[in-house]
Peer 1: 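This is the structure, below, for whatever I ask next.
Order of listing sets the numbers, starting from 1, for every ligand and every atom in it.
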Amino acid sequence: MSSLALFDPEIFQLINKEHKRQVEGLELIASENVVAREVMEAMGTILTNKYAEGYPGKRYYGGCEFHDQIENLARDRLCQLFGAEHANVQPHSGSQANEAVYLSCLKPGDKILSQSLNNGGHLSHGDPANMSGKCFDISFYGVDFDTERLDYGVIEELARKNKPDLIVCGASAYPREIDFKAFAEIAEDVGARSMADIAHISGLCCTGLHNSPVGVTTYTTSTTHKTLRGPRGGVIMCNKEYANSIDKAVFPGMQGGPLMHVIAAKAVCFREALTDDYKEYAKQVVKNCKVLAATLEDNNFRLVSGGTDNHLCLLDLSDHNISGQQAEVALGKAGITVNKNTIPRQALSPFETSGIRIGTPTITTRGMKEEQCKQIGDWIAKVLNHIDDEKTIAGVKDEVTSLCLKYPLYPEIRTL
Ligand code: PLP
């Protein structure tokens with residue numbers, strides 16, 4: 001029996017319940033994934049016992065010789081993966097990576113131009129509720145109301161008018177390809193720096209399935225736990241000239257001791273992302289999303305922007321007279337986890353929302369392909385068309401569970 005089960009049965013049982021939920025359900029949250037067994041193993045090690053403030057070769061604590069080697073491996077692998085000149089692997093999260101960039105190049109009150117939250121941006125890009133929105137002078141761009149895509153002409157006009165010090169691009173809920181070069185050029189034209197936050201799409205950028213901002217925008221930030229499929233955390237990449245200011249902003253600017261067990265797990269994730277298997281995975285994520293989106297369209301649901309180029313699609317539920325909140329609850333009862341999401345021009349409040357966001361990274365890691373995605377799209381439509389019909393929803397749940405049991409989270413032990 002495990003020591004955790006003996007020492008803390010309450011936590012042990014809750015972990016087991018969550019394990020069962022993940023095994024038996026379809027996780028379609030676009031920002032989630034299932035880490036490799038080896039990533040999980042690195043996270044659960046004695047590396048968590050150590051303080052290693054500072055950077056390799058320049059620590060504020062003794063006994064860091066192995067930590068230096070681990071962090072160097074993580075940095076080198078990340079640079080190799082994205083062709084970056086410099087990488088910082090210490091941010092504890094995507095939000096902290098973004099905040100460290102702001103700290104490195106802005107003063108309180110400086111101006112940021114970024115994508116608004118209700119048009120697909122992220123809280124940490126200057127939302128009034130976030131520290132970024134309280135400390136800086138923010139102006140927002142959104143998507144064009146007709147095409148529901150970014151309009152670079154309009155963004156350029158806004159940049160000329162508002163003269164930002166930093167232009168932020170990258171999104172949490174934007175199903176289309178982002179032109180990072182266009183953003184970098186607009187920033188250069190108005191004398192601003194640029195930051196691309198590829199938290200969602202980093203796994204597509206490093207495999208050539210989406211253009212990469214690394215070396216194009218001044219800074220690139222990412223989480224490591226979404227399409228990249230690593231432990232929860234953040235990273236920053238930039239050219240050598242900005243390396244020192246970024247490193248200082250992360251430590252001692254934003255954080256104390258790095259989470260060395262997580263940095264080791266990030267290194268394992270980067271190694272995995274360099275393999276051909278991972279490239280195949282990333283391709284399949286995009287293919288699966290296209291099939292899921294097309295199936296929903298065939299079932300008369302409208303997709304924001306009419307489709308998807310990446311790992312997620314946004315469903316507009318306004319024509320069906322249901323809110324994102326109601327859809328999230330009904331699908332949850334069927335073992336299908338999605339999140340309600342604001343969509344451009346929505347009528348409902350951000351708590352109710354008029355849409356849901358659906359992503360394929362997790363089901364693709366489990367081995368599901370186009371055939372299963374078509375089936376899942378049909379199940380989603382069935383639930384949403386019978387939102388008050390508990391019997392239909394229970395029937396879908398049974399089918400969902402039997403599909404999921406064919407695709408275990410951790411099928412076999414691998415060797416590289
Ligand atoms: N940036 C983007 C675009 C995101 O979508 C997210 C998270 O969803 C973050 C940053 C923040 O990441 P974290 O939750 O690790 O702070």
Peer 1: Where does the angle between the aromatic ring planes of Tyr51 and Tyr61 fall among parallel (under 30°), tilted (30 to 60°) and perpendicular (over 60°)?
Peer 2: parallel

Peer 1: Do Thr48 and Leu259 have side chains that approach each other closer than 4.5 Å (heavy atoms only, starting at C-beta)?
Peer 2: no

Peer 1: Please work out which of the three classes, parallel, tilted or perpendicular, describes the rings of His311 and His200, given edges at 30° and 60°.
Peer 2: tilted

Peer 1: Can you tell me how far the CD1 atom of Ile112 sits from the NE2 atom of His125, to the nearest 0.5 Å?
Peer 2: 9.5 Å

Peer 1: My understanding is that only residues two or more places apart in sequence, or in another chain, count here; which of them pass salt bridge (Lys or Arg N to Asp or Glu O under 4.0 Å) with Asp189?
Peer 2: Arg160

Peer 1: Rounded to the nearest 0.5 Å, what's the gap from CG on Leu296 to CD1 on Ile358? Could you check?
Peer 2: 5.0 Å

Peer 1: I'd like the atom pairs linking ligand 1 to the protein - N or O on both sides, separation under 3.5 Å - with distances to 0.1 Å.
Peer 2:
residue  : atom   : partner : partner atom : Å
ligand 1 : 1 (N)  : Asp197  : OD1          : 3.4
ligand 1 : 1 (N)  : Asp197  : OD2          : 2.5
ligand 1 : 5 (O)  : Ser172  : OG           : 2.7
ligand 1 : 5 (O)  : His200  : NE2          : 3.4
ligand 1 : 8 (O)  : Lys226  : NZ           : 2.8
ligand 1 : 15 (O) : Gly94   : N            : 2.9
ligand 1 : 16 (O) : Ser93   : OG           : 3.4
ligand 1 : 16 (O) : Ser95   : N            : 2.9
ligand 1 : 16 (O) : Ser95   : OG           : 2.7

